Amino acid sequence: MAPRVERLEPNEHDLVRPLLLELYEYEQPFFSEHPQLSHAELEQTIQRIPTSFNGENLILAVRAPQGLAGFCWCVLFDPGTGLEGEVAELYVAEGHRREGVGRALLDAAIKLFEERAVTLGYVWTRPENDAAVKLYQEAGFTPNRQLVLTWYPDSSTN
């Protein structure tokens, strides 16, 4: 017989805290490039598990005489464990590549992350996108040991 799954009520969310703390303590040594937090610091990050959270979309851009030379779409949100920042999209128009537009946009995104005290920043790209990988690594982003898997709804069922 399969285990019965239930949705916890908001007033029960704190039941997760001991397991969440155990998970954080177990996982953090695998990511030595991130600050290693003490038990007390980890407890502080999970004081309460919010029932919802809001995010913020910020778009940085470099203007060109005919529109934009490029843009960097940043997403900021706090799921309850500290403000996270994502470079959701970074694109430079073909006619403006190799002019420093991408680096200027990425530097501005990192500055934004620093000003807002982001605790974790990330960017996604394809490994074969050599120019993007080089740009992100030069700006201080590093590959991590996590395997990121994605799920997409089956389009045949929609």
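Because the structure is predicted, anything quoted here is derived from the model rather than measured.
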[X]: side-chain contact (heavy atoms from CB on, under 4.5 Å) partners, not counting sequence neighbours:
{"X": "Glu94", "answer": "Arg97"}
{"X": "Thr142", "answer": "Glu33"}
{"X": "Phe30", "answer": "Tyr26, Glu27, Arg145"}

Hydrophobic cluster mates of Phe53, side-chain heavy atoms under 4.5 angstrom, ILVMFWY only, any path?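 Grouped by the 4.5 Å side-chain rule, Ile59, Phe71, Trp73, Val75, Phe77, Tyr91, Leu120, Tyr122, Trp124, Val148 form the rest of the cluster around Phe53.
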In the hydrophobic cluster built from side-chain contacts under 4.5 Å, what are the other members alongside Val92?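 Same cluster as Val92: Leu58, Leu60, Val62, Leu76, Leu83, Val87, Leu90, Val101, Leu105, Leu106, Ile110, Leu112, Phe113, Val118, Val123, Leu135, Tyr136, Phe141.
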Keeping the roles fixed (side chain from [X], backbone from [Y]), state whether a donor-acceptor pair exists under 3.5 Å.
{"X": "Glu25", "Y": "Glu22", "answer": "no"}
{"X": "Glu89", "Y": "Cys72", "answer": "no"}
{"X": "Gln28", "Y": "Leu37", "answer": "yes"}

Can you list, pair by pair, the side-chain donor-acceptor contacts under 3.5 Å of residues 5-17, counting residues two or more places apart and other chains?
unit_1	atom_1	unit_2	atom_2	d
Glu12	OE1	Glu9	N	2.8
Arg17	NE	Ile46	O	2.5
Arg17	NE	Gln47	O	3.4
Arg17	NH2	Ile46	O	3.4

Mark yes when over 12 heavy atoms from residues, nucleotides or ligands other than Gln66 sit less than 6.0 Å from its CD; otherwise mark no.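 Not buried by this count: 12 neighbours or fewer within 6.0 Å.
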If you count the non-hydrogen atoms of other residues, nucleotides and ligands that lie under 6.0 Å from CG in Asn54, is the total more than 12? no
So, for Gln36 and Glu41, which heavy atoms are closest and what is the spacing to 0.1 Å?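 Closest pair (atom of Gln36, atom of Glu41, distance): O-OE1, 4.3 Å.
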Could you list the residues that satisfy salt bridge (charged side-chain N to carboxylate O under 4.0 Å, His left out) with [X], not counting sequence neighbours?
{"X": "Asp78", "value": "none"}
{"X": "Glu138", "value": "Lys134"}
{"X": "Arg126", "value": "Glu128"}
{"X": "Arg116", "value": "Glu56"}

Residue list, ring pair (Phe, Tyr, Trp, His ring centres under 6.0 Å) with Tyr152, at least two apart or on another chain: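 Per chain and number, Tyr152 pairs via ring pair (Phe, Tyr, Trp, His ring centres under 6.0 Å) with no residue.
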Sub-4.5 Å side-chain heavy-atom contact between Pro79 and Glu84: yes
Glu99: which residues meet the side chain to side chain donor-acceptor pair (under 3.5 Å) condition with it, sequence neighbours left out?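 Partners of Glu99 by the side chain to side chain donor-acceptor pair (under 3.5 Å) criterion, ordered by chain and then number, come out as His96.
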